[in-house]
Amino acid sequence: MPKTTSETIHEFTAHVKQTNPNEPEFLQAVKEVTEVVFPFIQDKPEYEKSSVLKRLTVPDRVIIFAVPWVDDDGTVHVNKGYRVQFNSALGPYKGGLRFHSSVNLSILKFLSFEQIFKNALTGLPLGGAKGGSDFNPSGKSDAEVMRFCQSFMSELYRHIGHEKDIPAGDIGVGSREIGYLFGQYKRLQNEFNGVITGKGLDWGGSELRPEATGYGLIYFVAEMLQKKEESLDDKRVLISGSGNVAQYAIEKALELGARVLSASDSSGYIICEDGLSSKHLAALMKLKNEKRGRISELADEFDDITYTDNASVWSATIEADIALPCATQNELDEDQAKSLVKNGLKLLAEGANMPCTQEAIHIFRKDKILFGPGKAANAGGVAVSGLEMSQNAYNQSWGKEKVDEQLKKIMKNIHEQCYRQGKDGNHTDYIKGANIAAFKKVAGAMLAQGIV
Ligand code: NDP
Ligand code: 2IT
């Protein structure tokens with residue numbers, strides 16, 4: 001008989017903490033999952049017998065490498081490159097690459113751990129991974145970014161493959177970086193295949209991949225509202241960030257009649273009391289995607305936009321029904337959560353990965369704010385990445401309508417899984433719902449595949 005242990009959640013958490021020192025973000029992500037999953041598996045000895053939860057917290061493989069590169073003045077730099085291949089129970093490793101000065105092992109382990117469950121919810125055959133570098137593309141020339149990407153891929157290419165591990169974008173990795181990374185992979189492998197997603201439309205990319213995370217987030221919010229017999233029409237919405245996710249969340253929210261009051265970057269935030277218009281959004285996209293400028297410049301361009309420097313949008317005291325954090329992890333803290341609730345918040349959905357601190361989530365849960373966790377609400381991006389992989393595998397290119405229809409269907413299905421597992425009387429605990437629904441799939445596959 002295999003020996004079983006009856007660990008308490010405290011012993012389990014202490015073990016994870018002890019074996020992953022100095023990794024606060026990773027521990028935070030594990031805690032969110034274990035708080036829900038631990039009680040769920042108490043009366044299911046099959047999970048305990050094969051230590052599924054413990055095995056799930058150890059990445060299959062972590063690759064760390066040097067990325068030397070030369071700037072335009074001839075100065076030599078070196079950054080750290082990473083790929084965390086966390087879990088492949090459901091399919092090949094899949095997840096984005098982040099280039100930002102804050103990147104470290106803790107952040108990439110939290111992101112890849114989250115990705116396992118997010119990818120499971122999509123229903124597509126995808127494992128979980130994440131990677132990146134502490135290189136910050138902001139302020140660098142195109143030529144410098146290209147040389148960095150080429151150096152990064154000169155090591156990464158040995159570890160990835162279209163049936164092994166398929167990277168994509170994340171913070172600081174957009175269409176420009178994906179292009180340079182793919183070009184170098186193709187040169188080194190002499191193979192043109194779907195090894196990366198987020199590719200350009202003319203060279204293997206999918207329609208709607210740039211829009212997918214932001215659109216998917218709004219589709220998810222619309223589903224949450226529909227269960228309450230409400231819609232986005234005329235809702236006052238606060239959004240943070242002004243990158244890929246924020247831009248297309250704004251676009252879809254406007255299309256569905258919401259009043260989007262804000263956007264931000266790491267320098268400050270803008271408010272438009274009457275709600276941003278499509279004219280404002282077009283200017284924001286041009287500013288961020290072409291000029292690579294600061295969000296403050298929008299206040300110079302439009303009289304009805306105000307800019308606050310060096311502050312978070314979550315500290316603005318403004319009435320809002322819905323909050324959509326779309327910038328980065330832990331951007332929204334306890335005091336800001338209290339102030340949002342005081343100002344009428346009814347719903348929050350995470351466009352970013354883990355943007356709310358645990359203390360902030362505690363406030364939202366206590367006040368029964370509808371809370372869509374990132375692993376469910378922002379899964380639209382990786383879902384369309386999965387659709388891009390299918391198109392690549394079959395040498396097909398689907399039209400916009402077909403991809404949008406699939407994305408809607410996937411987000412509706414994710415919502416349904418979370419709703420079913422998380423419904424508790426009149427309220428739905430989407431955190432519980434998402435984690436249990438995802439865990440069941442991943443753990444089921446791990447049990448079936450044995451101790452590997
Ligand atoms: P982008 O690089 O396109 O945009 C990031 C935005 O967040 C920018 O406005 C940036 O401001 C702001 N930001 C980044 N770091 C900070 C910080 N430390 N403090 C304040 N603001 C910050 O990235 P994405 O839009 O792709 O990603 C945003 C979030 O969404 C991330 O959490 C990402 O993991 C998540 N996500 C992304 C998906 C995708 O498909 N791209 C899919 C699912 C989730 P600045 O320009 O000043 O740095
Ligand atoms: O966090 C995420 O889900 C992403 N950055 C997208 C990953 C992907 O493989 O498309």
Side-chain angles (χ1 to χ4, degrees), residues 25 91-103 107-108 110-119 121-122 124 126-132 136-139 165-178 194-199 205-206 208-217 239-250 263-270 284-285 287-289 292-296 310-314 324-332 349-356 374-389:
E25 293 85 2
Y93 302 108
K94 178 83 192 95
L97 295 171
R98 176 177 293 192
F99 291 169
H100 193 267
S101 42
S102 62
V103 161
I107 288 179
L108 293 178
F110 117 65
L111 287 164
S112 47
F113 181 73
E114 283 278 297
Q115 200 82 43
I116 305 169
F117 301 96
K118 184 194 305 193
N119 294 0
L121 289 172
T122 66
L124 301 169
L126 304 169
K130 202 87 181 189
N136 196 347
S138 135
D165 181 358
I166 305 95
D170 193 75
I171 290 180
V173 178
S175 54
R176 173 183 60 172
E177 289 75 17
I178 294 290
V195 67
I196 295 182
T197 58
K199 301 184 288 299
S206 174
L208 286 188
R209 177 62 189 88
E211 292 87 346
T213 312
Y215 280 18
L217 173 68
I239 293 188
S240 66
S242 50
N244 173 267
V245 179
Q247 290 174 17
Y248 291 104
I250 296 174
S264 70
D265 62 19
S266 54
S267 310
Y269 66 89
I270 56 160
L284 183 149
M285 286 181 167
L287 175 72
K288 285 293 173 184
N289 307 343
R292 297 182 190 273
R294 306 310 299 162
I295 203 151
S296 57
N310 204 15
S312 160
V313 65
W314 307 120
L324 304 175
C326 296
T328 194
Q329 67 277 350
N330 292 327
E331 57 170 293
L332 200 165
E350 297 183 322
N353 286 307
M354 209 170 74
C356 299
K375 54 173 71 85
N378 72 37
V382 74
V384 173
S385 278
L387 302 180
E388 180 173 330
M389 288 162 63

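Just follow the structure's listing: the first ligand is 1, and inside any ligand the first atom is 1. The figures here come from the full heavy-atom set of this structure, side chains too, leaving out hydrogens, waters and symmetry mates.
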What heavy-atom pair brings [X] and [Y] nearest, and what distance separates the two atoms?
X      : Y      : result
Phe99  : Pro137 : O-CD, 3.5 Å
Glu388 : Gly198 : OE1-N, 2.9 Å
Val384 : Ser206 : CG1-OG, 4.0 Å
Ile166 : Lys94  : O-NZ, 2.8 Å

Below 3.5 angstrom, do we get any N/O pair linking Lys130 and ligand 2? yes
Polar contacts were defined as any N/O atom of the residue lying under 3.5 Å from an N/O atom of the ligand; does this apply to Ala168 and ligand 2? no
Quick one: does [X]'s side chain get under 4.5 Å of [Y]'s, heavy atoms only?
X      : Y      : result
Phe113 : Lys375 : no
Leu126 : Val382 : yes
Asn353 : Lys118 : yes

Strictly under 4.0 Å, does any heavy atom of [X] approach an atom of ligand 1?
X      : result
Arg209 : yes
Gly198 : no
Cys326 : yes
Arg98  : yes

Residue part near ligand 1, for [X], under 4.0 Å between non-hydrogen atoms:
X      : answer
Pro355 : neither
Lys118 : side chain
Ser312 : neither
His100 : side chain
Asn353 : both

Between Asn353 and ligand 2, which part of the residue brings a heavy atom under 4.0 Å of the ligand: side chain, backbone, both or neither? side chain
How does Arg209 reach ligand 2, by side chain, by backbone, by both or by neither, if only non-hydrogen atoms under 4.0 Å count? side chain
Looking only at atom types and distance, does a side-chain atom of [X] sit under 3.5 Å from a main-chain N or O of [Y], one as donor and one as acceptor?
X      : Y      : answer
Asp265 : Ile295 : yes
Arg98  : Gly131 : no
Glu177 : Gly174 : yes

Please state which protein non-hydrogen atom is closest to [atom] and give its distance, to 0.1 Å?
atom                    : value
atom 9 (O) of ligand 2  : Lys94 NZ, 2.7 Å
atom 7 (C) of ligand 2  : Gly96 N, 3.6 Å
atom 10 (O) of ligand 2 : Ser385 OG, 2.5 Å
atom 3 (O) of ligand 2  : Lys118 NZ, 2.8 Å

Looking at ligand 1, does any of its N/O atoms fall within less than 3.5 Å of an N/O of [X]?
X      : answer
Asn378 : no
Gly172 : yes
Lys130 : no
Ser267 : no
Val245 : yes
Lys288 : no

Taking atom CG of Leu324 and atom CD1 of Ile239, what is their separation to the nearest 0.5 Å? 5.0 Å
Return the OG to CD1 distance between Ser242 and Ile250, rounded to the nearest 0.5 Å. 8.0 Å
Does atom 37 (C) of ligand 1 have any protein heavy atom closer than 4.0 Å? yes
Is ligand 2 less than 4.0 angstrom away from at least one heavy atom of Ala379? no
Sub-4.0 Å atoms of ligand 1 with respect to non-hydrogen atoms of Ala352: 29 (C), 30 (O), 32 (O), 35 (C)
